[in-house]
Amino acid sequence: MDKENKIEVRNLNLWYGDKQALKNNSIKIRKNHVTAIIGPSGCGKSTFIRCLNRMNDLVEGVKITGEVSINNKNIYDKDVDVVSLRRRVGMVFQKPNPFPMTIFDNVAYGPRIHGIKDKKKLQEIVEKSLKDTTLWNEVSDRLDKSALDLSGGQMQRLCIARTIAVKPDVLLFDEPCSALDPVATGKIEDLIQELKKEYTIVIVTHNMQQAARVSDYTGYFLLGELIEFGKTKQLFENPKEKSTEDYITGRFG
Amino acid sequence: MIHPNTSDKIAKIWLWLSALSIILVLLSILGYVFIMGAGSLSVSFILDMPTNNWREGGILPAIIGSLLVVIIALSFATPIGVGAAIYLTEFTKEGRLTKTVRIAADSLNAIPSIVFGLFGLAFFVFYLKDYTGGPSLLSAGLTLGFMILPTIIRTSDVAMRTVSFSEKMESYGLGATKLQTIKNIVLPEAFPGIITGIILGMGRAIGETAPIIFMVSLNPVIPKTIFGSGNTLTTQLYYLAMEGISMDVAFGTALTLITIILILNYSARKMNNYFSRNLRR
């Protein structure tokens, strides 16, 4: 069980118009582990994780070849329902971006669009999601207030709660802490450690300490290519590639 | 050579006077209409039928007629205008098509209102006579609907394009479909902008005379159906002043018209605040 691969990417290429942003990448992502994707700005790391729930479909002029299998099913097959794929593969974005609604409605948004109408059921889901993201104690008395009055860190945890409320099994984090202060960042990192018991997690970060702290596996991207992939400890302490070493020791990037 | 400080002062005074003149123009028009019209305004002026060829009695038929044509115009233009805006922002790529539709909407806005009237006369009154009842309130309302369509399209379009892409992404990321995202994210957030467009359209529709001058009767009867004829405040005003029947009643009508516009604007804004309260910072 522990060694099971949740996601297998094979020969993934991606073009924005004529420009190739991902070059023939293959990677295996372990179930119930945290995989970090690092690399300098513009290396394609965000583009890469957006391939894992087909978010790139929404961008004009994108062409993708290759295969991304989740639970041994290629998500780029013609018969895949993108809407249900995105429910199973949740995504937390860089900037905390709650909807301009109440805290409750934010978390209930996903379950509602997937057809849950029963008030009691919704309340249960909201409570559990907020508890799982350690937000419950801070907001339980003001669920009916606007989510836009929360602090940045609380907003980001709310966005995580909103994502797990639809019961995904993979969570993608796209630089989730880049807009947060160190305390709020610490909370999110602790949370990721908790969440990996239930979810398979992929996190893109430009903060190498963060990758070292939270992840079990790390992949290093440069100019759209996966240069090195391995156990986080090994990659940081004993990188095989010269370019990886240069990056993690801060010689460029 | 004038000292820079002096030219600065002159500029300041000039700009201040320009700003002040806007307020003065507004106040003098409103004030004049109020002073001239207030004398004839009374409860019976609003609620009674005119008698003695308008010189006595009230203007109830015109008030009802005006409200009806505005309701018809808005019920026609709002769904189509908002629908077109949704299509432009959410269902097509930015490109030749969206550009063409936007240019078309802007050009439509630039057409003189009397030309809309001529079009309405030919299309609704003559060509679609069997469906519109000829020169009816329905024909007048639809003509006004055509006229305010671009206003509603363009303001809704702008309002929907300001909804952040990332919020839409979040919604799609949770597995929402396009329609769910439009319904739950885009429309609520664009709502204030859409309401503004509707208010602008409403103001124009109730205030225009030229487009409907061919379709309304001068007969002051309470309209029984929208397929029948009726008159409106603006056309009555035109007639009263043009024929020199009664300037007092004309100003009373003008004051009533302005008051109705103010009430409609105010309640639309209240409604807007009511719907978007608490949710925006």
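To find a chain, count down the sequence lines: A is the first, B the second, and so on, and within it residues start at 1.
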Identify the two heavy atoms, one from [X] and one from [Y], that lie closest to each other, and give their separation to 0.1 Å.
X	Y	value
Tyr109(A)	Thr181(B)	OH-CA, 4.1 Å
Ile113(A)	Gln180(B)	O-NE2, 2.9 Å
Tyr172(B)	Arg86(A)	O-CD, 3.2 Å

Just how far is it from atom CZ of Phe93(A) to atom CD of Glu170(B), taken to the nearest 0.5 Å?
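Output value for this atom pair is 5.0 Å.
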Distance check, rounded to the nearest 0.5 Å: Met101(A) atom CE versus Ile185(B) atom CD1?
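Going from the CE atom of Met101(A) to the CD1 atom of Ile185(B) covers 4.0 Å.
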So does [X] have more than 12 non-hydrogen atoms from other groups sitting under 6.0 Å from [atom1]?
X	atom1	result
Asn72(A)	CG	no
Phe34(B)	CZ	no
Lys95(A)	NZ	no
Lys183(B)	NZ	no
Asp18(A)	CG	no

Tell me, for Pro98(A) versus chain B, whether the close heavy atoms (under 4.5 Å) come from the side chain, the backbone, both or neither.
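Backbone only.
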Under 4.5 Å from a heavy atom of chain B, the part of Arg112(A) involved:
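No part of Arg112(A) comes within 4.5 Å of chain B.
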Please identify, among Thr163(A), Leu58(A), Asn97(A), Asp105(A), the residue contributing the most non-hydrogen atom pairs under 4.5 Å to chain B.
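Of the options given, most contacts go to Asn97(A).
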Chain B contacts, top residue of Arg162(A), Gln94(A), Arg87(A) (heavy-atom pairs, under 4.5 Å):
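Most pairs with chain B among the choices: Arg162(A).
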What residues, two or more places apart in sequence or in another chain, satisfy salt bridge (Lys or Arg N to Asp or Glu O under 4.0 Å) together with Arg102(B)?
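Scan of Arg102(B) (salt bridge (Lys or Arg N to Asp or Glu O under 4.0 Å), adjacent residues dropped) gives Glu94(B), Asp157(B).
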